[in-house]
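Input: a single structure, listed below in structure tokens.
Position 1 is the first residue of the sequence, and the numbers go up from there. All ligand and atom numbering here is 1-based and tracks the order in the structure.
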Amino acid sequence: MTRHIIIIAEQIDGKITPVTHELVAAASLLRHHTGLDIVLVTTGSESAKNARALSDKYGLDVVIVNNIHPEYPVEMRLRSLPAALFNDLNPAYVILAHSTQGLDIAPALAVKIDASCITGVEKIISANGSIGFTRSLFSDRIIQTIISRAQATVLTIAPGAFKPEHFPAPEPRTAGDISYIDPDETLLDYQHIGFETQSGDTGELNQAEVIVSAGNGIREKENLNLISELAKLFPKSAVAGSRPVCDRKWLEYNRQVGVTGATVRPKLYIACGISGASQHISGMRDARFIVAINTDPHAAIFNISDVCVVEDLTRFIPHFITTCHDSG
Ligand code: FAD
């Protein structure tokens, strides 16, 4: 039976998100190595228009899973993808985004279709007839390459790792086929209470020319004062943070930089006590000049930094501020 590469489109508020183009890029590379055809799967009539646009652009076949449970979040609907879909398409690979949504679905899907699951894939390489999937471990300090021996493999693709412009899109045919299918499970054992949306105004970060960003390395909320004082040295500056700092409610979520936060491109980004996990880096790697302060000389953030300060931030920042003030 013909095997396929299935892309499960990332969807928010009924719209297919731009990261889906990165999934197409990753799938194209897999197709290049394996010769398998790609099928894009999405759910709900809301996303049908977007799905058609993708189908036209890339010549992909698209399967739309009918939305018989519009009240449920998309994660739940995608978890109830019908068995017939997988029986018909016989996937060798299923590709999702390495996002909150993708991670919610991928492991459960792997169990459902008896596949292996490799998360956070940053590179796909082909050697001696095998396909290797590369991912970072321990805050990007170790690079691991995995070869899947399973019949099918579910992959989550790290944000920013596969830029659409760097990979050949599947050859556009006139347009792909669009087909519809019903989900085969009811979700009655699940009660959806509601959504809570975080305030998303990242305007100040987008306007700032200098961003001073606090990571877990600040250790105590009081040390945010140091970050603010450092920011005050620069006009048009703003304070931001990594996710753990926002999770602790030391900063609002609209200050979080990274894949689930803001993407920023300031002239100067000062990362204070930030390890450099890929989820953070994808939100700030396009800053024009990056300075990182970290006690660990092997911290991954130094790999993308223009200036690396190996020092305790509680010693370095006060010293730097005093020196600036003394020199006028
Ligand atoms: P840590 O990784 O704990 O690093 C702290 C660093 O501080 C270390 O390198 C340490 O050496 C250094 N340090 C300690 N003490 C000092 C000191 N006194 N002086 C100087 N340096 C010191 N993270 C984000 O930031 N943004 C996101 O949008 C985001 N989205 C995510 C989405 C998903 C789906 C997942 C799974 C994760 C996401 N994360 C995100 C979390 C991410 O994986 C990391 O856990 C997080 O970025 C780590 O934050 P950190 O670097 O501040 O903390």
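Close contacts between ligand 1 and T260 involve ligand atoms 27 (C), 28 (O), 29 (C), 30 (N), 31 (C), 32 (C) [criterion: under 4.0 Å to a heavy atom]. Which parts of ligand 1 touch G261 is read off a 4.0 Å heavy-atom cut-off, strictly below it: atoms 28 (O). Of all atoms in ligand 1, numbered sequentially from 1 with element shown, those under 4.0 Å from a heavy atom of E311 are 19 (N), 20 (C). Close approach of ligand 1 to G215 (heavy-atom distance below 4.0 Å) involves ligand atoms 52 (O). Contact atoms of ligand 1 toward D312: 17 (C), 18 (N), 19 (N) (distance under 4.0 Å to a heavy atom of the residue).
Between S99 and E10, the side chains place a donor N or O and an acceptor N or O closer than 3.5 Å (distance only, hydrogens not considered). For the 3.5 Å distance criterion, the side chains of E122 and S136 qualify, holding a donor opposite an acceptor. With hydrogens and angles left out, the side-chain atoms of T314 and D312 include a donor and acceptor closer than 3.5 Å. For the 3.5 Å distance criterion, the side chains of Q11 and T42 qualify, holding a donor opposite an acceptor. Counting only N and O atoms by type, the side chains of N206 and R265 include no donor and acceptor under 3.5 Å apart.
For E204 against S237, the heavy-atom pair with the smallest separation is OE2-O, 4.2 Å.
Using a 4.0 Å cut-off between heavy atoms, L103 contacts ligand 1 through its side chain alone, with no backbone atom that close. If you look at S275 next to ligand 1, the close heavy atoms, those under 4.0 Å, come from the backbone and the side chain alike. Counting heavy atoms under 4.0 Å from ligand 1, residue A277 touches it through the side chain alone.
Connection of L226 to V291 is established within a shared hydrophobic cluster, with ILVMFWY side chains joined at heavy-atom distances below 4.5 Å, either directly or through further cluster members.
Of the candidates G217, P244, A271, it is G217 that places a heavy atom closest to atom 16 (C) of ligand 1. Closest heavy-atom approach to atom 10 (C) of ligand 1 within the set I274, L313, T119, N294: this belongs to N294. Across Q256, R219, R315, H280, heavy-atom proximity to atom 27 (C) of ligand 1 is greatest for Q256. Of the candidates S136, A240, G273, G273 brings a heavy atom nearest to atom 5 (C) of ligand 1.
Put simply, no part of G283 is less than 4.0 Å from ligand 1, judged by heavy atoms. Heavy atoms of T314 come nearer than 4.0 angstrom to ligand 1 in no pair at all.
Looking at heavy atoms from C-beta onward, I293 lies in side-chain contact with I270 at the 4.5 angstrom threshold. Residues T119 and R135 meet the side-chain proximity criterion, which asks for heavy atoms closer than 4.5 Å.
Geometrically, ligand 1 and T100 share no nitrogen or oxygen pair separated by less than 3.5 Å. Residue-to-ligand polar distances keep H98 apart from ligand 1: every N/O pair is separated by 3.5 Å or more.
The ring of H21 has its center closer than 6.0 angstrom to the ring center of Y58.
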